[in-house]
Amino acid sequence: MTEHFRNFISGSWIEPANGQYIENVNPARTSDIVGLFPDTDPSELDVAVESAQRGFEDWSRVPAPERGLVLKKAGDLLSERKEELAHIMTREMGKVLDETRGDVQEAIDTAYYAAVEGRRLFGHTVPSELRSKWAMSFRRPIGVFGIITPFNFPVAVPSWKIFPALLCGNSIIYKPSEDTPSSANYFVDVLLEAGLPPECVQLVHGHGETIGHAIASHPGVPGLSFTGSTETGRSIGEIAGRMHKRLSLEMGGKNAQIVMPDADLELALEGVLWGAFGTTGQRCTATSRLLLHREIHDEFVERLVYKADSLELGDGQHAQVDVGPLIHEAARDKCEAYVEIACAEGATVKCGGDQPTGKEFGEGWFFKPTVLTGVQRDHRTAREEIFGPVLSVLKFNDTDEAFEINNEVLYGLSSSIYTTDVNVSFRAIQELDNGITYVNAPTIGAEAHLPFGGVKATGNGHREGGWEVYEFYTETKVAYLDYSGRLQRAQIDVEW
Ligand code: UN1
């Protein structure tokens, strides 16, 4: 009997009022049904928002260092249960266990950072231009935040949003991806066990077009944080703009790794294999373009193809597997479609390009690690996000051209350059038009205590992670205290 999971609304685990559920399956073996999760009707949202508003009233008054203790405890619980949670995640979304362990670790790092931030949340104290007057800024929580997250980092990405939001004194309505609801239930349980007052978190499962849209447009939700496709982000942005909501968007990428002729080629090779095929290419930071200097192009491609071909494909729960399945059929179809597009545009499939054959792959959404060569700058595979294990290789003649190619796409999340030339490294840091540039490291692997985000169509100017995210989840307020005992007029009674 398949288990029916519930929403967490108004402090209890409840069934969806409409009795509708979405099936959650293991993408490596679709006959393995993880469970049935609510397909929540938007009419249930009012109750959740009212509860979150009550949660906010109390929680926002708890001193921030005390709020931090709850997050410290959440970090401790995640550490204790890392293995269990990693297995749940791999089963429902497919990436290999080492990576789901890393996913939990990213959440642990974020929890501990947030816990300590409860003792900081710095404002500024500055001199007043008038005598006997004090001037300062400080940060206040905002209210209920809608948190809408993707499948590819089922715990890490929600933690980037939820921990800082809570630390700052907000409450949350959390709508996880319908492909990874089990990890979300586990995560909310951890928060509750850590001592979060129950009304501070509302978990509503369902589809983006229904409940996700309802959260984005609810007048009782003044802030939103979304990670996902640029298309969805744009439509949330339109709603947020109309309704004057605070909004953080993390969206698509078309990240490039550049390899210069002076690079350590073995290191660059390891980097691109991890960047392009780790998480089955399903990261917004994934390496989707490989830019090779013409002098090393042919040799590098040959070595890359040999290595890519030998990556072990399979169920991420098995230790020897390097690359798991894609999240669902549509994701695999998209890879197939892009390989067809690439061929029609004149590129060559050097390896992969199709589904693996064999009984062990029959029930999963597998696609072979794929290397396309001869990709030109105007090809669709050089410009559009694929979100799968499909790598486009482009050849360049000099540094200027490599940088131009890197910068000419719509997106701007991460970039990477392999070189031993210090001058080229610093030029890359300055000139590559991305939120993150790596030197001698792949395009994936951002650390939780630094700001994370991208430029152009990747984001809307905010950053997650590190110290900057605490600005997003708070509103700055300024206070002046005049203890002169008389009316002092700023700009007018200045005595110089
Ligand atoms: C994402 O793909 O949405 O830098 C996040 C990285 C990870 C986070 C990726 N730490 O690849």
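Reckoned from all heavy atoms, side chains included, excluding hydrogens, waters and symmetry mates. Ligands are counted one by one from 1 in listed order, and the atoms in each one are counted from 1 as well. Positions are given from 1 along the sequence.
Atom 10 (N) of ligand 1 has its closest protein heavy atom at Glu106 OE2, 3.0 Å. With respect to atom 3 (O) of ligand 1, the closest heavy atom belonging to the protein is Cys284 SG, 2.8 Å. For atom 4 (O) of ligand 1, the nearest non-hydrogen atom of the protein is Ala446 N, 2.7 Å. Summary of contacts: the protein heavy atom closest to atom 7 (C) of ligand 1 is Arg283 NH1, 3.6 Å. Protein heavy atom at the shortest distance from atom 9 (C) of ligand 1 is Phe153 CE1, 3.6 Å. Residue, atom and distance of the protein heavy atom nearest to atom 8 (C) of ligand 1 are Trp160 CH2, 3.6 Å.
Lys334 forms no cation-pi arrangement with Phe367, by the criterion of a distance under 6.0 Å to the ring centre and an angle within 45° of the ring axis. Cation-pi geometry between Arg29 and Trp365 is not met: the NZ or CZ atom fails to fall both under 6.0 Å from the ring centre and inside 45° of the normal.
In plain terms, the two heavy atoms of His205 and Ala184 that are nearest each other are CE1-CB, 4.3 Å. Taking all atoms of both residues into account, the shortest heavy-atom contact from Phe122 to Arg139 is O-NH1, 2.6 Å.
Salt-bridge annotation for Lys73 and Asp76: absent, with no side-chain N of the basic residue lying under 4.0 Å from a carboxylate O of the acidic one. A salt bridge is defined here as a Lys NZ or Arg NE, NH1 or NH2 lying under 4.0 Å from an Asp or Glu carboxylate O, and Glu475 with Arg246 meets this definition.
For ligand 1, the atoms closer than 4.0 angstrom to any heavy atom of Ile444 are 11 (O). For ligand 1 and Asn152, the ligand atoms under 4.0 Å from any heavy atom of the residue are 1 (C), 2 (O), 3 (O).
Taking distance alone, with nitrogen or oxygen atoms compared against 3.5 Å, Gly445 approaches ligand 1 more closely than that limit. By the 3.5 Å distance cut-off applied to N or O atoms, Thr285 is counted among the residues near ligand 1.
With a 4.0 Å heavy-atom cut-off, ligand 1 is reached by no atom of Glu250. By the criterion of a heavy-atom distance under 4.0 Å, neither the backbone nor the side chain of Thr279 is placed next to ligand 1.
In this structure a side-chain-to-backbone donor-acceptor pair under 3.5 Å is present from Ser171 to Ala52.
Residues His293 and Asp262 bring no donor and acceptor atom of their side chains to less than 3.5 Å of each other.
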